[in-house]
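Data block below; observations after.
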Amino acid sequence: MTELKLRLQQGDTLKTVTVHKDVFTIGRLPACDLQLPSGGVSRYHARLAKTADGIWTIEDLGSKNGTQVNDRLVTFPQELHHGDIVWLGDVDMVVILPHQEKEPLPEQQENSGQRTILSNVQQLQQQWIEADSQDGDLSNKDKSIARLKDLVDIAKNLCAAESIEEIFSQVQQVIFRYLNSIDRLALLIDVNNCGILELMNAAARNTSEQQYLAADSSWISRSICQKVFDEKVAIQTADALHDERFAGEHSILLKGIRSAMAVPLWDENKVVGVLYADALLSSYHWAKEGQEELSFFSALANIVASSVQRWLLAEKLKTEEVIRQRLERYHSPAVVQQLIAVGGLPDGRLLPQEREISILFADIVGFTEISERFSAGEIAQLLNNLFEEMLQEVFAYGGTLDKYIGDCIMAFFGAPEPQSDHADRAVASAKGMLSRLKTLNANNFWQEPLQLRIAINSGKAVVGDVGSSQRVDYTALGATINLAARMEGICPPGECVIGEATYQILSKHDEFKKMGKYSFKGINRLVCTYHTNFQN
């Protein structure tokens, strides 16, 4: 009997199995002669058989992931020779035929280093366009021209793509057309420019896998992608399981990734992402043809990088515009621009923070009585016009509008950007409001003269975006705000009242006179207050 042995690696252990029958089945089920309990192996995966002439053959039994001998997919019974590597899904084994052995069997035929290509991206940029023939060969020139035309067409299509979905769709079509060895493809981008790659889209040659790929990035080798991103290198490994650099990679071990290829999206200025592809079967032919496929993959990535850069810029502008429109409800244009420039808006929100601020409340004297004498439309017009005028005094001193409460304006100074002189700014804003209203009254702004009451208090408060996913408001919370609201009730018409905390930090006090100490609801202490009409 012609003896046949199979040497396979299980974990860190090399195991040799003797084929003891002329017909020998291999699969995941215990009923098989050789059971391989692996997710990439089908229940009945392949069959070994010895012919009457003593020749061993292997036949695929309709397995999901196929059977491969060296660089050939088994589609009919194929003869085996000493040293052949047989791939069954994600399991490989070496064929041992002692009577054919003429030299020591290599360790797993090739070591991982021989089956891995790691290249500098810049060196790959022209290699796919340039053919592998002799210089001056006409076929070489024709091939180069054809490939250049292909890249030009790809570039045109990518330039027309406006969304990341359109960009990926173009890439997907090209990759699956040119690279038959690729099973799955992913586009990862550093969206927030912080070095963290996010999966933007993914596709599979087998469309039944499509649904889960983009939703779950665990199938992607993060070690390979991060190395490509950080070091600006292109990586192609034909046997990731046996490449010591990725030996501890969870996704490779869990998902049985055999071959993987990744290149940076790099436009010579910065890396914005990674184009990643893999195959469950080992791409044995990469040992011979891998450089050319990697060159094409890299050349395509260079084109994709420009499109991704353009998309990132467009998304940034859209986000800034949305943020700007929302913030301009609360802040002066100068403050809005500063907030956007420093990038202090994670997810478009200003996170709540404790700040030292001065809070200002200003409302119309006798508003309830005015509301009784005029129509709702007239009252709405009054408030719209008055708020427009008063808000200019808030913004003029770098203040932030918190909200309108009926006829009351609530604003604060000292946030979102810290202002050491927030008390002086609040007082200057109050003075500007009273002065502006005096001018408006003189010009018959309303059917009768109007008066304001303004209260200012200073101290600690929590300031930031507060609300639900449906509605968010930028506001200030805390005891400092509550006291200011209470103080507004004791303010004489046409004047401004401030608390002791504000008075102590003003740069000058000569405009204010002491009112006295007051007790306010919910505050278990007397509060010393000061007032002015800014006319002394």
Mind listing the closest non-hydrogen atom pair of His82 and Ile96 along with its distance?
ND1-CA, 3.6 Å

Between Val233 and Pro264, what is the shortest heavy-atom contact and its length?
O-CD, 3.3 Å

Ile220 and Ala186: which non-hydrogen atoms are nearest, and at how many Å?
CD1-CB, 3.7 Å

Residues in side chain to side chain donor-acceptor pair (under 3.5 Å) with Glu356, at least two apart?
Lys460

Start with the C-alpha gap between Leu8 and Leu36, add the side-chain angles, then the distance that decides, and say whether side-chain contact (heavy atoms from CB on, under 4.5 Å) holds.
CA-CA 10 Å; Leu8 63 151; Leu36 298 175; 3.8 Å; yes

Any donor-acceptor pair under 3.5 Å from Arg28 side chain to Val41 backbone
yes

Under the criterion side-chain contact (heavy atoms from CB on, under 4.5 Å), which of Leu34, Thr57, Val23, Leu6 is the partner of Leu48?
Leu6

List the atom of Leu185, the atom of Phe176, and the distance in Å for their closest heavy-atom pair.
CB-CZ, 4.3 Å

Hey, does Leu187 have a side-chain heavy atom less than 4.5 Å from the side chain of Leu275?
yes

Apply side-chain contact (heavy atoms from CB on, under 4.5 Å) to residues Asp60 and Thr75 and explain how you reach the verdict.
CA-CA 7 Å; Asp60 185 76; Thr75 57; over 6 Å; no

Using 0.5 Å steps for rounding, measure from the CG atom of Asp190 to the CZ atom of Phe229.
4.0 Å

Begin with the C-alpha distance, continue with both residues' side-chain angles, and end with the deciding distance and a verdict on side-chain contact (heavy atoms from CB on, under 4.5 Å) for Asn201 and Ile164.
CA-CA 8 Å; Asn201 218 324; Ile164 201 66; 5.6 Å; no

Rounded to the nearest 0.5 Å, what separates atom OG1 in Thr400 from atom NE2 in His422?
12.5 Å

With rounding to the nearest 0.5 Å, note down the distance linking CG in Leu4 to CZ in Phe24.
8.5 Å

In the structure I gave you, are the side-chain heavy atoms of Arg222 and Leu188 within less than 4.5 Å of one another anywhere?
yes

Between CD1 on residue Ile481 and CE on residue Met410, distance to nearest 0.5 Å:
5.5 Å

Is there side-chain contact between Ser63 and Leu88, with at least one heavy-atom pair below 4.5 Å?
no

Would a 4.5 Å heavy-atom cut-off, applied to side chains only, mark Leu300 and Val171 as touching?
yes

Closest approach of Ile357 to Ala415 (non-hydrogen atoms, all atoms of both residues):
CG2-CB, 4.2 Å

Which atom pair, heavy atoms only, marks the closest approach of Val463 to Ala476?
CG2-CB, 4.0 Å

Sub-4.5 Å side-chain heavy-atom contact between Glu79 and Thr51
no

Is the shortest side-chain heavy-atom distance between Ile189 and Glu198 below 4.5 Å?
no

Distance-only, no hydrogens or angles: does the His45 side chain make a donor-acceptor pair with backbone N or O of Gly62 under 3.5 Å?
no

Separation between CG of Leu61 and CZ of Arg43, rounded to the nearest 0.5 Å:
12.0 Å

Tell me, do Ile235 and Met261 make a side-chain contact under 4.5 Å, heavy atoms counted?
no

Backbone N/O of Ala202 and side chain of Arg184: donor-acceptor pair under 3.5 Å:
no

Rounded to the nearest 0.5 Å, what separation is found between the NZ atom of Lys50 and the CD atom of Glu3?
10.5 Å

Option among Arg177, Gln170, Gln172 that satisfies the side-chain contact (heavy atoms from CB on, under 4.5 Å) test with Val174:
Arg177

Met200 side chain reached by Phe168 side chain, heavy atoms, under 4.5 Å
no

Step-by-step side-chain contact (heavy atoms from CB on, under 4.5 Å) determination, Leu80 to Val86
CA-CA 9 Å; Leu80 294 175; Val86 177; 4.1 Å; yes

Between Asp33 and Thr25 (side chain of the first, backbone of the second, donor and acceptor by atom type, cut-off under 3.5 Å), is there such a pair?
yes

